[in-house]
Amino acid sequence: MSQYNTIILLTSDEQLTKAAHSVLVAENDCRLITFENEREAQSAMSDVECDLLICDDDSLEDSSDNILTRLRVRAPATARILITDGEISAEAVDLASRAATFMYLVKPVQAQQLKIVVKRALEISELSRRHRLFPVSDHETDRPNC
């Protein structure tokens, strides 16, 4: 990652926190802010410009109205990653869909896996931001109008 990114991690899982810190802060010089409580994370989101939210579904208070689903509307440019326990449940898939998460991962999350997924999420967010700022016209893409 070539720029300084702010990532909020919402989890009470110590292993996940250590993995995130080892690859995101130590290797990529990201600003990682960790919360165990959804309300504290939501409050911080109003004070900090966040590029990515990594959210452990165990830390969510409500599966239908939570920080992930609210971010989809309030901060659509903020990438979202959902982390869930064990098997992928229908509820986790529904949450990932409603929140338009970039990806969902299953615990235990490997540090290198997290590193790759975070890098891709931030790259796609940056490309989307650039596309919004500098839209490409049809004649520049050599595509016929459909």
Side-chain angles (χ1 to χ4, degrees), residues 1-136 138 141 143 146:
M1 289 174 259
S2 60
Q3 67 179 17
Y4 180 77
N5 292 290
T6 299
I7 299 170
I8 290 184
L9 173 64
L10 175 57
T11 187
S12 58
D13 185 323
E14 191 173 314
Q15 185 179 13
L16 178 58
T17 301
K18 286 180 182 177
H21 190 274
S22 72
V23 295
L24 302 178
V25 176
E27 294 183 24
N28 291 311
D29 197 30
C30 291
R31 179 181 179 200
L32 181 66
I33 306 169
T34 305
F35 296 97
E36 293 184 11
N37 179 293
E38 182 180 357
R39 291 179 190 175
E40 292 173 358
Q42 184 70 52
S43 176
M45 295 288 293
S46 61
D47 298 332
V48 175
E49 187 173 325
C50 178
D51 299 298
L52 173 65
L53 171 68
I54 303 171
C55 184
D56 184 344
D57 66 353
D58 289 338
S59 299
L60 298 175
E61 296 173 6
D62 184 345
S63 63
S64 59
D65 181 28
N66 55 57
I67 191 169
L68 281 172
T69 56
R70 288 188 297 266
L71 265 184
R72 180 179 186 178
V73 175
R74 293 183 183 157
T78 300
R80 296 164 302 282
I81 296 173
L82 175 64
I83 297 179
T84 188
D85 279 324
E87 295 180 21
I88 302 294
S89 66
E91 186 176 295
V93 171
D94 182 56
L95 174 58
S97 178
R98 284 183 294 106
T101 59
F102 171 73
M103 183 165 294
Y104 59 88
L105 303 173
V106 178
K107 290 182 190 174
V109 176
Q110 302 299 314
Q112 293 304 313
Q113 176 188 28
L114 184 62
K115 178 182 176 180
I116 291 168
V117 170
V118 165
K119 183 176 181 177
R120 295 297 175 262
L122 292 171
E123 286 173 349
I124 288 174
S125 290
E126 177 61 16
L127 289 173
S128 295
R129 185 190 70 80
R130 289 180 186 184
H131 183 72
R132 285 189 303 273
L133 294 175
F134 310 109
V136 178
D138 286 339
T141 61
R143 292 186 204 158
C146 297

Output for pair (Ile83 CD1, Met103 CE), nearest 0.5 Å, gives 11.5 Å

Residue pairs meeting salt bridge (Lys or Arg N to Asp or Glu O under 4.0 Å), one or both in residues 94-104, sequence neighbours left out, come to Asp94-Arg98

Here the gap from Ile8 atom CD1 to Arg31 atom CZ, rounded to the nearest 0.5 Å, amounts to 8.5 Å

Rounded to the nearest 0.5 Å, the OG1 atom of Thr69 sits from the CG atom of Asp62 at a distance of 8.0 Å

Between Ser46 and Ser43 the two heavy atoms that sit nearest each other are OG-O, 2.6 Å

The side chain to side chain contact (heavy atoms under 4.5 Å, CB included) partner of Leu122 among Leu127, Asp51, Val117 is Asp51

Ala75 meets the side chain to side chain contact (heavy atoms under 4.5 Å, CB included) criterion, sequence neighbours left out, with Leu71, Thr78

Residues passing the side chain to side chain contact (heavy atoms under 4.5 Å, CB included) test with Gln15, sequence neighbours excluded, are Asp13

Residues passing the side chain to side chain donor-acceptor pair (under 3.5 Å) test with Arg120, sequence neighbours excluded, are Glu123

Is the CD atom of Glu61 crowded by more than 12 outside heavy atoms at less than 6.0 Å? yes

For Arg72 and Ala100, the nearest pair of non-hydrogen atoms, with its separation, is NE-CB, 3.5 Å

In terms of heavy-atom contacts, Ser63 and Asn66 come closest through O-ND2, 3.4 Å

Rounded to the nearest 0.5 Å, the CD atom of Glu38 sits from the CE atom of Met45 at a distance of 11.0 Å

**OP:** Keeping the roles fixed (side chain from Ser125, backbone from Ala121), state whether a donor-acceptor pair exists under 3.5 Å.
**Re:** yes

Sequence neighbours excluded, the answer for side chain to side chain contact (heavy atoms under 4.5 Å, CB included) partners of Ile124 is Phe102, Ser128

Paired with Ile81, the side chain to side chain contact (heavy atoms under 4.5 Å, CB included) test is passed by just one of Leu52, Thr101, Val109, namely Leu52

- [ ] Could you give me the CA-CA distance, side-chain angles and deciding distance for Val23 and Val118, then say whether side-chain contact (heavy atoms from CB on, under 4.5 Å) is met?
- [x] CA-CA 10 Å; Val23 295; Val118 165; over 6 Å; no

Nearest heavy-atom approach of Ala99 to Arg80 is O-NE, 2.8 Å

Residues passing the side chain to side chain contact (heavy atoms under 4.5 Å, CB included) test with Arg74, sequence neighbours excluded, are Gln42, Arg70

Next on the checklist: Measuring only between side-chain heavy atoms, which start at C-beta, is Ile54 closer than 4.5 Å to Thr11?
Outcome noted: no

Of all heavy-atom pairs linking Cys55 and Ile67, the shortest is SG-CG2, 4.3 Å

Rounded to the nearest 0.5 Å, the CD atom of Glu36 sits from the CG atom of Asp56 at a distance of 10.5 Å

Self-check item: Test item: Lys107 and Asp58 side chains (from C-beta on) under 4.5 Å apart, heavy atoms
Solution: yes

So, do Leu10 and Ser59 sit near enough that their side-chain heavy atoms are less than 4.5 Å apart? yes

Between Thr17 and Leu9 the two heavy atoms that sit nearest each other are CA-CD2, 3.8 Å

The reported gap from CG in Leu68 to CG in Asp57 (rounded to nearest 0.5 angstrom) is 9.0 Å

